[in-house]
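The structure appears below as structure tokens.
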Amino acid sequence: MYLHTGCQIAVSPDTKYFAVDWLGVEVTRATLGIIGMGSIGYKVAQRARAFNMRILYHNRNRRRKEDEEAVGAHYCAKMEDLLQQSDFVMLVVNLTPETHKLIGKKELGLMKPTATLINISRGAVIDQDALVEALQNKAIRAAALDVTYPEPLPRDHPLLNLNNVIITPHIGTATVQAIHMMVEEAIANMLAVLNGQPIPSEVFPK
């Protein structure tokens with residue numbers, strides 16, 4: 001939110017000075033709650049540790065003790081505990097029937113009014129009507145969404161008119177290097193199938 005608005009202030013032809021009381025939120029030593037501690041969530045934790053963040057996580061299965069200790073992460077068996085304690089809540093889950101609208105009015109109401117919700121998973125993991133209400137009523141401080149439902153949002157969607165939300169166009173993996181790695185991985189899997197070898201990235205049906 002501050003990055004987006006700050007950029008507008010910096011380039012605006014009407015700007016004559018920068019306000020000294022225009023302050024953002026400190027990340028260092030803040031509490032980050034990660035919902036979904038798979039491979040991506042764990043990589044987020046590794047990066048967050050560099051900022052000396054306190055890391056909480058909620059997952060279907062608790063990770064090994066050595067994994068937790070390596071990033072200083074603390075397990076929350078109940079998602080509610082994570083929501084109540086976190087300054088930043090990041091969603092890193094797969095979209096399944098169980099995670100559809102995982103974050104709704106009740107969950108948003110448990111978050112701190114100073115907290116920021118970050119979604120890098122899938123748009124439908126959040127009840128967007130409830131999120132609009134929470135942002136409008138300042139029930140939470142802000143949201144940062146790389147994903148929405150649908151994508152893109154209808155141009156008259158209320159999320160697009162709020163000044164305490166940043167929306168990006170699902171660009172979490174949109175780098176030349178990441179696309180190259182995904183293509184290489186796909187090719188490796190196809191070659192393995194054709195050669196009757198074990199599939200490196202096999203996905204097993206649940």
Side-chain angles (χ1 to χ4, degrees), residues 1-9 19 21-37 40-41 44-45 48 51 53-60 73-170 172:
M1 290 28 75
Y2 287 87
L3 179 63
H4 182 263
T5 306
C7 179
Q8 291 178 323
I9 290 172
D21 60 349
W22 195 69
L23 305 173
V25 179
E26 185 63 63
V27 171
T28 301
R29 290 183 293 278
T31 298
L32 170 65
I34 301 172
I35 299 177
M37 190 67 112
I40 297 175
V44 170
F51 289 96
M53 299 187 83
R54 176 183 177 227
I55 302 168
L56 307 177
Y57 79 96
H58 173 74
N59 203 45
R60 282 181 304 176
H74 304 277
Y75 178 64
C76 291
K78 295 181 179 178
M79 186 174 70
E80 290 80 3
D81 294 337
L82 179 150
L83 293 171
Q84 290 174 327
Q85 298 179 59
S86 299
D87 300 303
F88 299 89
V89 174
M90 181 174 286
L91 303 173
V92 201
V93 296
N94 294 322
L95 178 59
T96 67
E98 291 73 30
T99 62
H100 182 260
K101 293 190 177 181
L102 179 70
I103 302 298
K105 185 172 183 177
K106 174 189 172 185
E107 291 73 24
L108 291 162
L110 291 171
M111 291 174 63
K112 297 179 181 181
T114 55
T116 297
L117 178 65
I118 303 165
N119 190 8
I120 62 170
S121 57
R122 290 293 183 270
V125 169
I126 297 176
D127 180 339
Q128 289 183 159
D129 292 337
L131 178 60
V132 168
E133 183 180 347
L135 291 168
Q136 288 175 334
N137 298 333
K138 304 294 190 290
I140 63 172
R141 184 187 194 101
L145 313 173
D146 187 42
V147 288
T148 59
Y149 183 79
E151 292 177 349
L153 287 172
R155 297 298 87 186
D156 60 349
H157 196 284
L159 272 177
L160 301 180
N161 297 313
L162 296 172
N163 61 9
N164 55 347
V165 60
I166 284 180
I167 302 174
T168 50
H170 206 146

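Remember, it's a predicted structure, so these values are computed and weren't measured experimentally.
- Listed for the E107 side chain is a donor-acceptor partner under 3.5 Å among the backbone atoms of G104.
- Between M53 and R29 there is no side-chain heavy-atom pair separated by less than 4.5 Å.
- Atom NZ of residue K106 and atom CG of residue D127 lie 14.0 Å apart, to the nearest 0.5 angstrom.
- Partners of Y75 under the ring pair (Phe, Tyr, Trp, His ring centres under 6.0 Å) rule, at least two apart in sequence or in another chain, are Y57.
- When all heavy atoms are compared, the tightest approach of S86 to A115 is O-CB, 3.7 Å.
- The heavy-atom pair separating A134 from L108 by the smallest distance is CB-CD1, 4.0 Å.
- When every heavy atom of G41 is checked against every heavy atom of V92, the shortest pair comes out as N-CG1, 3.7 Å.
- Residues L131 and L159 have side chains in contact (heavy-atom distance under 4.5 Å, counting atoms from C-beta outward).
- Here the side chain of R155 pairs a donor or acceptor atom with the backbone of L153 at under 3.5 angstrom.
- Within the 4.5 Å cutoff, the side chain of I126 has no heavy atoms near those of the L102 side chain.
- Applying the salt bridge (charged side-chain N to carboxylate O under 4.0 Å, His left out) test to every pair with at least one member in residues 77-93, sequence neighbours left out, gives these pairs: D87-K112.
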Report task. Give the C-alpha distance, both sets of side-chain angles, the deciding distance and a yes or no for side chain to side chain contact (heavy atoms under 4.5 Å, CB included) between R54 and L32. Result -> CA-CA 6 Å; R54 176 183 177 227; L32 170 65; over 6 Å; no
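- Distance check, rounded to the nearest 0.5 Å: CE of M90 to CG of L117 gives 10.0 Å.
- To the nearest 0.5 angstrom, L91 atom CG is 11.0 Å from I34 atom CD1.
- Rounded to the nearest 0.5 Å, atoms CG (L82) and CE (M111) are 9.0 Å apart.
- A 4.5 Å side-chain heavy-atom check between Q85 and L56 finds at least one atom pair inside the cut-off.
- Across G172 and D146, no two heavy atoms sit closer than the pair N-OD2, 2.9 Å.
- What you find for F88 and A30 is that their closest heavy atoms are CE1-CB, 3.9 Å.
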Query raised in the report: Could you walk me through whether T148 and H157 pass the side chain to side chain contact (heavy atoms under 4.5 Å, CB included) check?
Result: CA-CA 11 Å; T148 59; H157 196 284; over 6 Å; no
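- Atoms CD1 and CD1, on I166 and I118 in that order, are 10.0 Å from each other to the nearest 0.5 Å.
- Applying the side-chain contact (heavy atoms from CB on, under 4.5 Å) test to V147 and every residue at least two apart in sequence or in another chain returns N119, E151, H170.
- At a threshold of 4.5 Å between non-hydrogen side-chain atoms, the residues Y149 and Q128 count as touching.
- No more than 12 heavy-atom neighbours from other residues, nucleotides or ligands sit within 6.0 angstrom of CD1 on I40.
- Remark: the backbone N or O of T96 is paired with a side-chain donor or acceptor of T99 at under 3.5 angstrom.
- Two residues are said to be in side-chain contact when any heavy atoms from C-beta on lie closer than 4.5 Å; I35 and N59 fail this criterion.
- Of all non-hydrogen atoms in P154 and L160, the two that sit nearest each other are O-CD1, 3.3 Å.
- One distance of note links CG of L135 with CG of N164; it measures 4.5 Å at 0.5 Å rounding.
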